[in-house]
Amino acid sequence: MANAIESIGTTPPPTRAADGPVAGDHADREKPAEEPATPSFLERRGVAFDEITRTVKRLTIRLKPSECSIWPGNARDYAALSYDRCASLIESIREEGTNREPVVVRRTPNAERPYELIVGTRRHFSISWLHANNHSEIELVARIETLDDEGAFRLADLENREREDVTDLERARNYRHAVEAYYNGVRAQMAERLAIPKQNLHNLLQLAELPDEVVSAFAEPGDLKVRHGMRLSPLIKDERYRDAILGEAAIIAAEQKELLAAGAEKIEGSKVCERLAAAVTPSRPAPSPKAKPALTAASGKEIGQVLADTKAKGITININPKGRASVDEILDALRPVIESARFAR
């Protein structure tokens, strides 16, 4: 492969001309020798890459999907794959007769199946589906690597990190398993090995900490995002709020099932998160009604109440003496209230 790459752009040395006849030899020597035809750059590049391609092909093998077990350390949930999730890939493989990009496997000599799939879960599922649907001639193109579990995890993570069809929840749970299994629970070591910021790792692990009851409140796993875990995880850890959130999660989960059964729109992830967070927000107490100013006589006897006093609508007074009161007492009590009323100012 190295020789093929280095050969790109080089010019082969000219070949020695065959000896000509003696007659006219002097004249021929006076003329410049004709340069041999030199392959064009595109021709040289094509030859070099043909050699590279042949070399790469020798590094791959063809397998039946049944020859591979699925490595459990992969982020993708194999059981959650379906035709709908892999339809475009299945049709592409059907048309081309193979998977263009090889999957990565490692040998498992003492296991039930000879190989274990490290990278390429969707490709494996797609060809398995085709085998079950009248296309058993299509084989799985694979590259064999020698990897320990930690190396397999890093390779699979690098493959899946930017794929949109791997949900945040799948990746978060995969990281939670990995930090204990491969890094002795040391998050800083894991972040360094994966070359990701420690805060990003912390945020993902917060998502993985959400209980199943909360996850069930979201209509689909893909609706649950890292930002939701960042908001909800600290609240769930607080014993004062946990029960309230789990209770609201159960209510939302039931609503989601009813909506699905009715063919209605689901409750979006952002709204689910808002409702769960709101479940721990103490409701504001209703404002206590303001006491109505009492209308009293000079003797201290209560004559009634001032119900309203506004400049626009005037003053409203309820006269209902407690005990016997004369008309003069009532009028005397009304005079100062009317004089100080807002409409009169």
Side-chain angles (χ1 to χ4, degrees), residues 1-2 4-5 45-171 173-175 177-178 194 220-222:
M1 187 185 296
I5 294 173
R45 187 179 69 171
V47 171
F49 276 98
D50 282 345
E51 183 175 342
I52 293 171
T53 302
R54 288 195 298 272
T55 303
V56 171
K57 284 183 178 178
R58 287 198 296 269
L59 298 178
T60 61
I61 61 173
R62 290 179 177 271
L63 302 170
K64 295 179 180 179
S66 58
E67 295 181 83
C68 301
S69 60
I70 307 299
W71 181 52
N74 197 295
R76 195 186 301 278
D77 183 0
Y78 192 92
L81 294 177
S82 63
Y83 175 82
D84 290 338
R85 288 187 67 179
C86 302
S88 60
L89 180 58
I90 289 173
E91 295 308 316
S92 174
I93 292 175
R94 192 207 309 267
E95 291 177 6
E96 297 191 17
T98 186
N99 51 301
R100 180 181 300 177
E101 183 181 356
V103 302
V104 177
V105 299
R106 64 181 178 183
R107 291 187 177 91
T108 50
N110 299 321
E112 181 181 348
R113 300 182 184 184
Y115 300 98
E116 188 174 49
L117 186 84
I118 305 299
V119 171
T121 314
R122 291 178 73 247
R123 281 161 275 172
H124 182 279
F125 174 87
S126 297
I127 293 181
S128 296
W129 189 93
L130 288 167
H131 272 227
N133 290 271
N134 304 317
H135 288 279
S136 58
E137 77 283 358
I138 299 178
E139 294 181 301
L140 184 67
V141 178
R143 188 177 79 245
I144 302 175
E145 296 286 355
T146 302
L147 298 164
D148 61 12
D149 282 349
E150 193 268 345
F153 165 70
R154 288 192 292 115
L155 179 63
D157 176 64
L158 193 64
E159 164 84 5
N160 292 329
R161 194 178 296 178
E162 300 303 325
R163 292 187 180 272
E164 294 182 359
D165 57 334
V166 177
T167 67
D168 287 357
L169 183 62
E170 286 176 317
R171 184 173 290 111
R173 288 177 169 174
N174 183 233
Y175 276 29
H177 166 76
L194 297 183
E220 301 173 11

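Both backbone and side-chain heavy atoms feed into the values below; hydrogens, waters and symmetry mates do not.
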Which residue is it: I118, L194, L158? I am looking for the one with a side-chain contact (heavy atoms from CB on, under 4.5 Å) to F153. L194
The side-chain hydrogen bond (donor to acceptor under 3.5 Å, both in side chains) partners of E116 (sequence neighbours excluded) come to R106
Exercise: identify the closest heavy-atom pair between I90 and L130: CG2-CD2, 3.8 Å
So which atom in E139 and which in I127 form the shortest heavy-atom distance, rounded to 0.1 Å? O-CD1, 3.6 Å
Are any side-chain N or O atoms of S136 and backbone N or O atoms of H131, one a donor and one an acceptor, separated by less than 3.5 Å? no
Contact summary for C86 and F125, nearest pair of heavy atoms: SG-CD2, 3.8 Å
Applying side-chain contact (heavy atoms from CB on, under 4.5 Å) to W129 and L81, what does each step give before you reach the verdict? CA-CA 11 Å; W129 189 93; L81 294 177; over 6 Å; no
Closest heavy-atom pair, L63 versus A142, reported as atoms and distance to 0.1 Å, is CD1-CB, 3.9 Å
Can you list the residues that meet the side-chain hydrogen bond (donor to acceptor under 3.5 Å, both in side chains) rule with E96, with sequence neighbours excluded? R100
List the steps, then state whether side-chain contact (heavy atoms from CB on, under 4.5 Å) holds for R173 with L169. CA-CA 6 Å; R173 288 177 169 174; L169 183 62; 3.7 Å; yes
Return each pair, listed once, that meets salt bridge (charged side-chain N to carboxylate O under 4.0 Å, His left out) where at least one residue sits in residues 62-74; pairs must be two or more places apart or across chains. none
Would you please name every residue forming a ring-ring contact (aromatic ring centres under 6.0 Å, His included) with W71, sequence neighbours left out? none
Contacts of E150 meeting side-chain hydrogen bond (donor to acceptor under 3.5 Å, both in side chains) (sequence neighbours excluded), chain-then-number -> R154, Y183, R193
Output the distance between atom OG (S128) and atom CD1 (I138), rounded to the nearest 0.5 Å. 11.5 Å
Closest contact, heavy atoms only, T60 versus P102: CG2-CG, 4.0 Å
Ignoring hydrogens and angles, tell me if any N or O in the side chain of S126 forms a donor-acceptor pair with the backbone of R122 under 3.5 Å. yes
Indicate the atoms forming the closest heavy-atom contact of A156 with V119, along with that distance. CA-CG2, 3.7 Å
Looking at residues at least two apart in the chain, or sitting in another chain, which of them share a side chain to side chain contact (heavy atoms under 4.5 Å, CB included) with A75? N160, V166, N174
If you count every heavy atom of other residues, nucleotides or ligands that lies below 6.0 Å from N134 atom CG, does the total exceed 12? no
Please identify each residue that fulfils ring-ring contact (aromatic ring centres under 6.0 Å, His included) with H124, with sequence neighbours left out. Y78
How long is the straight-line distance from OG1 of T98 back to CZ of R123, given to the nearest 0.5 Å? 11.0 Å
Sort and list the pairs that fulfil salt bridge (charged side-chain N to carboxylate O under 4.0 Å, His left out) and have at least one residue in residues 73-87, not counting sequence neighbours. R76-D165
Not counting sequence neighbours, which residues clear side-chain hydrogen bond (donor to acceptor under 3.5 Å, both in side chains) with H135? List them please. R94, E137
Between N99 and L140, is there a donor-acceptor pair closer than 3.5 Å when you use the side chain of the first and the backbone of the second? no
